[in-house]
**Student:** 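Below: one structure in C-alpha cells.
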Amino acid sequence: MDDPAEDAKDRGGDGPAPPVGSVDGRTLPRVIAVANQKGGVGKTTTTINTAAALANMGHRTLLVDLDPQANASSGLGIDVRSLDTTLLDVLIDDLSLADCIQPTTTPNLWVAPSSLRLADAEMTLYGMLSRETRLRQAVNAVRSSYDYIFIDCPPSLGLLTLNGLCAAQEVMIPIQCEYFALEGVGQLLENILKIRRSGLNPELEVSTIVCVMYDARTRLADEVVREIRNHFGALVLRTVVPRSVRLSEAPQYGLTIHAFDPRSRGAVAYRDIAQEVHDGTATTAR
Ligand SMILES: Nc1ncnc2c1ncn2[C@@H]1O[C@H](COP(=O)(O)OP(=O)(O)OP(=O)(O)O)[C@@H](O)[C@H]1O
Ligand SMILES: [Mg+2]
C-alpha cells in the first residue's frame, strides 16, 4: 500500500490518533470491509455467510468481491470465467457498479463479482486519478439501494484493499484462533489510522472483531480468544465461529452454509454473528 500518511500534512490531517474503533449504534446502510492481510484466515467465509444470514433476515445485502481470487463470487455460485462485466470494469473503465451486480440464489443477496484479471488491474490503478477512492465512488452510487454492503478484501494491504477501506465506514476483522493470531493485525490497524489521519476516510472505524476457526478440543484456542478479548474488548463479538468441515465444503457447491447445511454449527454461528452485527444498528435506522 502506498503510505497515505505521506499526504497527511498536505491535507492538514496530522492530528492526534483517535481510538481505532467503537461499538456505537450505526444507521443503515452500513458499508463493512472485511479485512486481514493474513491469507486464509476466514475473510471470505465470514463475508459470504454473514452477508447471507443478514439477507435471510430480510435485509437487502450486497457483497462486493474485491479479491482477484474471486472466492466469494464462486462461493456464491457465480461462474467467474464466463462473466461479461465484473468489478474490474467498474474500477478501471468507469462501468457503474449497478451494471455488474448480479442476484444470487439467496433472496435479498446480490454480488458484484470479481475477475481473475483484477490482479493486473491493481497495477493499472496505480496510474489513475483518485486511485484510492474509485470503489468508494462506485459504492456511493448504489448504497441507498441496500441495507448492508460487505466488501471482501484480498489478503494484502495493496491498492485494492485500500480501495475497500476507503469505500467502507466500518472494518470487520476475522481472527483465527491459532498461534500468531494477532500477527499482522497491528499493521492493519496502523494502516486504518493512517487512512483516517490522511483525510482519505476520516470516519473509518474497526467495528467488529470475529474469532474464527475455533477448535474446542485445544486449550490454545481458548487462550487465543482470551487474548483477543483482552486486546479488543467490546469490539469482539460474543459468538465464536467453530472450525467445521461443513463450512469449508459449502463453497465447492456454490452454496452458503445456510443453504448447504442450515443446522450445522457453522450456520448457527454465522446467524448469531449476523444478529450481533445487526444489534449494533441504531433502532432509528430505516
Ligand atoms: N470455520 C471454519 N472451519 C473450517 N474451515 C474453514 C473455516 N473458515 C474458513 N475455512 C476454510 O479455510 C480456508 C480459508 O478460508 P477463507 O477463504 O474464508 O479465508 P480468506 O481469509 O478469505 O483467505 P484469502 O486470504 O486467501 O482470501 C478455506 O478453505 C475455507 O473453506
Ligand atoms: Mg478470501
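No experiment lies behind these values; they were computed from the predicted model shown. We count residues from 1, following the sequence as given.
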**Student:** Does L62 belong to the same Ile/Leu/Val/Met/Phe/Trp/Tyr cluster as L88, with side-chain heavy atoms less than 4.5 Å apart forming each link?
**Tutor:**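 Yes; L88 is reachable from L62 via cluster members.
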**Student:** If the threshold is 4.0 Å, N to carboxylate O, is there a salt bridge linking E249 and R246?
**Tutor:**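 Salt bridge: yes.
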**Student:** So, D67 side chain and Q69 main chain: donor-acceptor pair closer than 3.5 Å or not?
**Tutor:**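 Pair found, side chain donor or acceptor close to backbone of Q69.
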**Student:** Is the shortest side-chain heavy-atom distance between T47 and C153 below 4.5 Å?
**Tutor:**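 No, too far: nothing below the 4.5 Å cut-off.
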**Student:** What distance do N163 atom CG and E122 atom CD have between them, rounded to the nearest 0.5 Å?
**Tutor:**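 Result: 9.0 Å between the selected atoms.
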**Student:** State yes or no: do L63 and L97 share one hydrophobic cluster built from I, L, V, M, F, W and Y residues joined by side-chain heavy-atom distances below 4.5 Å, directly or via other members?
**Tutor:**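 No, it is not one cluster - the side chains of L63 and L97 are not joined through contacts under 4.5 Å.
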**Student:** According to a hydrophobic-cluster definition based on side-chain heavy atoms being under 4.5 Å apart (Ile, Leu, Val, Met, Phe, Trp, Tyr only), do W110 and L87 belong together?
**Tutor:**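 As far as the 4.5 Å side-chain criterion goes, L87 and W110 are connected within one cluster.
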**Student:** Could you tell me the separation between the CG atom of N36 and the CG atom of L157, rounded to the nearest 0.5 Å?
**Tutor:**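 Here the rounded value is 9.0 Å.
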**Student:** Has the side chain of S73 got a donor or acceptor atom that lies under 3.5 Å from a matching backbone atom of I78?
**Tutor:**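 A pair under 3.5 Å: no.
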**Student:** Measuring from atom OG1 of T61 to atom CG of L54, what distance do you get when rounded to the nearest 0.5 angstrom?
**Tutor:**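 It comes to 5.0 Å.
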**Student:** What's the separation between atom CZ in R60 and atom CG in L109, rounded to the nearest 0.5 Å?
**Tutor:**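 So the CZ of R60 and the CG of L109 are separated by 11.5 Å.
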**Student:** Between D89 and L95 (side chain of the first, backbone of the second, donor and acceptor by atom type, cut-off under 3.5 Å), is there such a pair?
**Tutor:**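 Checked: no pair found.
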**Student:** Can we say R217 and D215 salt-bridge, meaning some charged N sits less than 4.0 Å from an Asp/Glu carboxylate O?
**Tutor:**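 A salt bridge links R217 with D215.
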**Student:** Does a donor on one side chain sit under 3.5 Å from an acceptor on the other, for Q187 and N191?
**Tutor:**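 Side chains of Q187 and N191: no pair found under 3.5 Å.
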**Student:** Okay, side chain of T85, backbone of C100: is any donor-acceptor separation there less than 3.5 Å?
**Tutor:**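 Not confirmed, T85 side chain does not pair with C100 backbone.
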**Student:** Hey, what do you get for CE (M172) to OG1 (T50), rounding to the nearest 0.5 Å?
**Tutor:**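 Result: 4.5 Å between the selected atoms.
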**Student:** For the pair V236 and C211, evaluate side-chain contact (heavy atoms from CB on, under 4.5 Å) and give the outcome as yes or no after the intermediate values.
**Tutor:** CA-CA 8 Å; V236 187; C211 303; 3.9 Å; yes
**Student:** For the residue pair H278 and H59, does the interplanar ring angle fall in the parallel (under 30°), tilted (30 to 60°) or perpendicular (over 60°) class?
**Tutor:**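 Because their plane-to-plane angle lies in the 30° to 60° range, the rings of H278 and H59 count as tilted.
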**Student:** Ignoring hydrogens and angles, tell me if any N or O in the side chain of R131 forms a donor-acceptor pair with the backbone of L125 under 3.5 Å.
**Tutor:**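 Judged by distance alone, no pair lies under 3.5 Å.
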**Student:** With distance as the sole criterion, is a donor-acceptor pair present between the side chains of T46 and Y270 under 3.5 Å?
**Tutor:**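 Yes - a donor-acceptor pair under 3.5 Å links their side chains.
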**Student:** Is a donor on one side and an acceptor on the other found under 3.5 Å between the side chain of R271 and the backbone of A53?
**Tutor:**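 Not at all, since once roles are kept as given, no pair shorter than 3.5 Å links the two residues.
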**Student:** So, are E178 and K38 salt-bridged, with charged N and O less than 4.0 Å apart?
**Tutor:**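 Looking at K38 together with E178, the answer is no, because their closest N to O distance does not fall below 4.0 Å.
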**Student:** Under a 3.5 Å cutoff, is there a donor and acceptor pairing between the side chains of D152 and T44?
**Tutor:**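 Yes, because at least one side-chain N or O of D152 sits under 3.5 Å from a partner of the opposite role on T44.
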**Student:** Is a side-chain donor-acceptor pair under 3.5 Å present for T281 with R30?
**Tutor:**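 Distance-only check passes for R30 and T281.
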**Student:** Once rounded to the nearest 0.5 Å, what's the spacing between atom CG of D99 and atom CG of D84?
**Tutor:**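 Answer for the CG-CG pair, D99 versus D84, is 12.0 Å.
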